[in-house]
Peer 1: 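Mind having a look at this structure? Questions to follow.
One-based numbering along the sequence shown. All ligand and atom numbering here is 1-based and tracks the order in the structure.
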Amino acid sequence: MGPIGIFDSGYGGLTILNDIRTALPQYDYIYLGDNARTPYGTRSFEVVYQYTLECVEKLFSMGCHLVILACNTASAKALRTIQQNDLPRIDASRRVLGVIRPTVEILPTLSSTKHVGILATPGTVQSESYPIEIHKIDPSIEVHAVACPMWVPLIENNEHLSEGAAYFVQKNINELMQLDPQIDSIILGCTHYPLLIPVIQRYLMPSIRIISQGTIVAASLKDYLTRHPEMEQKCRKGGGCIYFTTESPGKFNTSATLFLNQRIEALHLEL
Ligand code: DGL
């Protein structure tokens, strides 16, 4: 048995971890943030894949049988290749799951106009993973996406509630709504963005639904573990979480408080 691994390029996955631990408090978790190499959102397909694979292999070597890529960019650019090419070579009984598929699976029940917007990092938007996955479920849904390159740096610098952040949020929201004024649901396709929800709400009509991923991914993982008892039995129960960062733990501990609303003591991990 081993802990469930939760991977992100940095801090954003902590928003997902929070909701997963609320829904499934009984398991042990390892969180790994690749803060030394963040951001992933502006990097090439090859680099995101290489970095993500290294981190997944590290989590496997620490005893994880199941790893969640709690990062949209990694889910968009690395998940499929890892599932199809690397897992059979490394250990076919281990599993890596992402955050895009669970998010789009619930879309048809949420959007009544069938016009959906995506706000994400440049890497996730360029990958077109969201429109591809959404159209597998319902080809009639209209999808428009806008990249928000400034949002992650604003959050990581604790400037997300400043007037500077409001300027960029309004700019990107306006871009999206001008592309398609019929949008009634917007997916926040980046794990950092839930911290901007109070600012985003200022520039959207209240009737437009903002879809953030944490609770959706948590519900999907719960369902997955129910449907896969062979994996559930390999997930250690203890209710703990150990945090690792590839950067210095001091900075991670301070910034993690923003995402978790609690103090943590992370450990440094050399890849
Ligand atoms: N965690 C990443 C995501 O969800 C955003 C941060 C980054 O660019 O590394 O796309």
Peer 1: Evaluate Gly41 for polar contact with ligand 1, using N/O atom pairs at a separation under 3.5 Å.
Peer 2: yes
Peer 1: In the protein, what heavy atom is nearest to atom 6 (C) of ligand 1, and what distance, to one decimal place, separates them?
Peer 2: Ser9 OG, 3.5 Å
Peer 1: Give the numbers and elements of all ligand 1 atoms closer than 4.0 Å to a heavy atom of His192.
Peer 2: 5 (C), 6 (C)
Peer 1: Do Ser162 and Glu159 have side-chain heavy atoms sitting under 4.5 Å apart?
Peer 2: yes
Peer 1: Among all protein heavy atoms, pick out the one at the shortest distance from atom 2 (C) of ligand 1; state its residue, atom name and that distance to 0.1 Å.
Peer 2: Cys71 SG, 3.5 Å
Peer 1: Please report the C-alpha distance between Gln213 and Asp19 in whole Å, then the side-chain angles of each, then the deciding distance to 0.1 Å, and finally whether the side chain to side chain donor-acceptor pair (under 3.5 Å) criterion is met.
Peer 2: CA-CA 9 Å; Gln213 298 175 301; Asp19 286 313; over 6 Å; no
Peer 1: Is any side-chain heavy atom of Val116 closer than 4.5 Å to one of Arg209?
Peer 2: no
Peer 1: At less than 4.0 angstrom from any non-hydrogen atom of Tyr40, what atoms of ligand 1 do you find?
Peer 2: 7 (C), 8 (O), 9 (O)
Peer 1: Quick one: does Gly12 get a heavy atom under 4.0 Å from ligand 1?
Peer 2: no
Peer 1: List the closest protein heavy-atom neighbour of atom 5 (C) of ligand 1: residue, atom name, distance to the nearest 0.1 Å.
Peer 2: Cys190 SG, 3.5 Å
Peer 1: Take Tyr167 and Asn172, measure what side chain to side chain donor-acceptor pair (under 3.5 Å) needs, and give me the verdict at the end.
Peer 2: CA-CA 9 Å; Tyr167 169 82; Asn172 294 135; over 6 Å; no
Peer 1: Which atoms from ligand 1 have a heavy atom of Thr38 less than 4.0 Å away?
Peer 2: 9 (O)
Peer 1: Can you tell me how the ring of Phe259 sits relative to the ring of His192, calling it parallel under 30°, perpendicular over 60° and tilted otherwise?
Peer 2: perpendicular
Peer 1: Provide the number and element of each atom of ligand 1 under 4.0 Å from a heavy atom of Asp8.
Peer 2: 1 (N)
Peer 1: Do Asp34 and Thr245 come within less than 4.5 Å of each other through their side chains, counting heavy atoms only?
Peer 2: no
Peer 1: Can you tell me if Gly10 contacts ligand 1 (heavy atom of the residue under 4.0 Å from the ligand)?
Peer 2: no
Peer 1: Quick one: does any side-chain atom of Asp184 pair with a main-chain N or O of Ser111 as donor and acceptor, under 3.5 Å?
Peer 2: no
Peer 1: Could you grab the distance from atom CZ of Phe244 to atom CE of Met62, nearest 0.5 Å is fine?
Peer 2: 3.5 Å
Peer 1: Answer with side chain, backbone, both or neither: which part of Thr191 has a heavy atom less than 4.0 angstrom from an atom of ligand 1?
Peer 2: both
Peer 1: May I ask you to check whether Lys77 and Ser127 show a side-chain donor-acceptor distance below 3.5 Å?
Peer 2: no
Peer 1: In terms of residue, atom name and distance, what is the protein heavy atom nearest to atom 10 (O) of ligand 1?
Peer 2: Thr73 OG1, 2.7 Å
Peer 1: Please say whether Thr42 places an N or O atom under 3.5 Å from an N or O atom belonging to ligand 1.
Peer 2: no
